[in-house]
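Below you'll find the structure, written out as structure tokens, and then a few comments.
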There are 2 protein chains.
Amino acid sequence: MQPGLPLFESVFTIDCVIFGFQEGELKILLIERNEEPYKDWWALPGLFVEHNEGIDVAAERILYELTGLRDIYMEQLYTFGEVNRHPDGRVITVGYYAMIRLTGHKELKPVTNYAKKAFWHPVSDLPTLAFDHTAIFEKSLQKIRRKISYQPIAFELLPEKFTLTQLQHVYESILNKKLDKRNFRKKMLNYGILKELGEKQRGVSYRAATLYKFDRRKYAKLFQKELSFMKED
Amino acid sequence: MQPGLPLFESVFTIDCVIFGFQEGELKILLIERNEEPYKDWWALPGLFVEHNEGIDVAAERILYELTGLRDIYMEQLYTFGEVNRHPDGRVITVGYYAMIRLTGHKELKPVTNYAKKAFWHPVSDLPTLAFDHTAIFEKSLQKIRRKISYQPIAFELLPEKFTLTQLQHVYESILNKKLDKRNFRKKMLNYGILKELGEKQRGVSYRAATLYKFDRRKYAKLFQKELSFMKED
DNA sequence: GCAAAAGTGTTTCAGCTACACCCATGG
DNA sequence: CCATGGGTGTAGCTGAAACACTTTTGC
């Protein structure tokens, strides 16, 4: 620590809610802790922030250590600094959330020492989590529910090529309600931010659907920054 | 600091964007710094968080020290943790924003030692601020612009009794655009969350306007939590 | 031929927008 | 009597919601 600053120091961590979409369900990545406190509990992946490490960089570090992925969609969520949130003393944590593409064959990397293993858990059926991690998760879900109505985050969870039905399932699992198929398609195609690829699905035992990709260029052109997507209630 | 935690400590502060509405304009409270670094610069009011002090409590402490007010509308904004944001080393800061009622006669309390004085500055014409405080301010403005469209935060800036025109001016100054008077009134009254008091304005040299108050009870009953207020663009 | 999902239009309704004039009051 | 802001209604448009049947494909 440099001179000039007073000695008000605090212990300080990052916790991360990592969303993925698998088997038609929204899931998050949990680890099983291998250390006290909360040994053997499920928890959000987290780490201590090092000196002279920016918090965004630290958040990316977690993600890389766990999944081997870089350049992932990731946003800061909220900072949790209640005195009693950690049994060993005042630990402030900054929550982040991330969204990753689970292409099925992607394996989780061997997990760091403080965790036994990591698993994808459906958000509809989470166990009780360590610390205040349940609250952090709930805040993240609130945030993406709101965000999906004005930013194109659904595409972060899908492979590059996807069908409209897959896209609809992402919206439905985040918003936790059924949407009307015709209205969804009409609206989505009207935005003009999907590019229809010439291709169709392969290897399905029913009528193959048209594949689309998200056209970032058009999106950026149409809306400098935002877009009113999907009504909220 | 308690045993059991590793020695990853960080210096850690709170900075606060305090909004007020005065003379028909949206303003924020700035202090003039009396200490290095950035001595003599304008800055957001901030402080170091003490050990065993929750961050929300610390944020309320700033507000009380500067304004003598408690029980104020206040929300966490974002956490800024870039390595180079503070010239003396890595200082993480949690930004908050608050909204207070400036009833005109309310004086600012004598300011703490690190500041010479505090002033209300119109947000439309802010000086360059110390550290990354300009970025913190801009994020807070973005946030309340979005928030005013789904939560009744405008009332936090007004006295208990207000006219519809005053309310409209609050919306206009936050959204930074003119609104149509008839449409604004129709919509606002339709929500059914304003209570018409029997009274009229006094001491104005034109037709006195009807006074209203925000009916929190009705608001809570109608919308458990949220409301789609004012379209966003 | 059947199971499973793809794909497709129209009507109705609510809420947003645009817009201009008379009224009450104090000085 | 004049200056200042208070207060009011309607018509047109746009976007959301509701709703059911035919098509394609693999097996």
Side-chain angles (χ1 to χ4, degrees), chain A residues 23-25 145 148-150 158 161-173 175-213 222-223 226-233, chain B residues 21 23-25 148-150 158-159 161-173 175 177-213 222-223 226-233:
Chain A
E23 297 153 8
E25 272 188 302
R145 276 194 185 146
I148 203 176
S149 71
Y150 62 90
L158 289 172
K161 303 176 180 187
F162 52 82
T163 69
L164 288 177
T165 299
Q166 287 168 343
L167 184 59
Q168 184 177 341
H169 288 333
V170 171
Y171 274 84
E172 289 178 338
S173 66
L175 296 172
N176 194 29
K177 65 171 181 194
K178 288 260 172 266
L179 300 174
D180 180 87
K181 182 163 64 162
R182 279 179 287 192
N183 292 337
F184 181 84
R185 288 166 173 248
K186 207 187 319 164
K187 194 163 163 186
M188 205 46 81
L189 292 172
N190 266 347
Y191 288 137
I193 58 173
L194 295 183
K195 180 184 232 162
E196 183 173 343
L197 304 166
E199 308 163 61
K200 301 251 168 197
Q201 271 182 316
R202 291 170 155 270
V204 289
S205 70
Y206 47 80
R207 179 175 175 181
T210 304
L211 293 170
Y212 292 84
K213 64 181 255 193
L222 285 176
F223 321 89
E226 297 197 350
L227 166 60
S228 192
F229 252 19
M230 291 291 115
K231 221 191 128 197
E232 292 182 37
D233 49 343
Chain B
F21 189 73
E23 296 153 9
E25 273 187 302
I148 202 175
S149 71
Y150 62 90
L158 288 172
K161 302 175 179 185
F162 52 83
T163 69
L164 288 177
T165 299
Q166 287 168 343
L167 184 60
Q168 185 177 341
H169 289 334
V170 170
Y171 274 84
E172 288 178 339
S173 65
L175 296 172
K177 66 172 181 193
K178 287 262 170 267
L179 301 173
D180 181 86
K181 182 163 64 164
R182 278 179 288 194
N183 292 337
F184 180 83
R185 288 166 173 246
K186 208 187 317 164
K187 194 165 164 184
M188 203 47 79
L189 292 173
N190 266 346
Y191 288 136
I193 58 172
L194 295 183
K195 180 184 233 162
E196 183 174 344
L197 304 167
E199 307 163 61
K200 301 251 166 195
Q201 270 181 317
R202 292 169 155 270
V204 289
S205 71
Y206 46 81
R207 179 173 174 182
T210 304
L211 292 170
Y212 292 83
K213 63 181 255 192
L222 285 176
F223 320 90
E226 296 196 353
L227 165 59
S228 193
F229 252 20
M230 292 293 116
K231 220 190 126 196
E232 292 181 38
D233 50 345

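In the text below, chain A, chain B and the rest are named by the order of the sequence lines, each starting its count at 1. A quick note: this is a predicted structure, and the numbers were derived from the prediction, not measured.
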Exercise for review: Quick one: label B/D180 by what it contacts on the DNA or RNA (base, sugar-phosphate, nothing), any heavy atom closer than 4.0 Å.
Suggested key: base

Close N/O contacts between protein and nucleotides 10-14 of chain C (under 3.5 Å):
residue : atom : partner : partner atom : Å
C/dT10  : O4   : A/K186  : NZ           : 3.0

Residues passing the ring-ring contact (aromatic ring centres under 6.0 Å, His included) test with A/Y212, sequence neighbours excluded, are none

**Prompt:** Is any side-chain nitrogen or oxygen of A/T210 closer than 4.0 Å to OP1 or OP2 of C/dG7?
**Reply:** yes

On a heavy-atom basis, the closest approach of B/T163 and B/A209 is CG2-CB, 3.7 Å

For B/N183, the side chain to side chain donor-acceptor pair (under 3.5 Å) test, sequence neighbours excluded, returns B/D180, B/K186

Taken in chain and number order and not counting sequence neighbours, the residues that satisfy side chain to side chain donor-acceptor pair (under 3.5 Å) with A/K200 are A/T210

To the nearest angstrom, the CZ-C1' distance between A/F184 and C/dA6 comes to 14 Å

Donor-acceptor pair, A/E199 side chain versus A/L211 backbone, under 3.5 Å?
no

In whole angstroms, the gap separating P of D/dA18 from NZ of A/K178 amounts to 15 Å

Rounded to whole Å, the CD-C1' distance (B/E196 to D/dT8) equals 14 Å

Hits for side chain to side chain donor-acceptor pair (under 3.5 Å) against B/Q168, two or more places apart or cross-chain, chain-then-number order -> B/E172

In this structure, CD of A/Q201 is separated from OH of A/Y206 (nearest 0.5 Å) by 5.0 Å

Any N or O donor-acceptor pair under 3.5 Å from the base of C/dG15 to the side chain of B/K187? no

Separation of D/dG15 atom P from A/L179 atom CG, nearest Å, is 19 Å

In whole angstroms, the gap separating P of D/dG5 from CD of B/Q166 amounts to 13 Å

Between A/Q166 and A/K161, the two heavy atoms sitting closest are OE1-O, 4.4 Å

Taken to the nearest 0.5 Å, the spacing of B/E196 CD from B/L189 CG works out to 8.0 Å

Quick one: label B/T163 by what it contacts on the DNA or RNA (base, sugar-phosphate, nothing), any heavy atom closer than 4.0 Å.
nothing

Restricting both atoms to N or O, compile the protein contacts to nucleotides 23-25 of chain D shorter than 3.5 Å, with distance only.
residue : atom : partner : partner atom : Å
D/dT23  : O2   : A/R207  : NH1          : 2.8

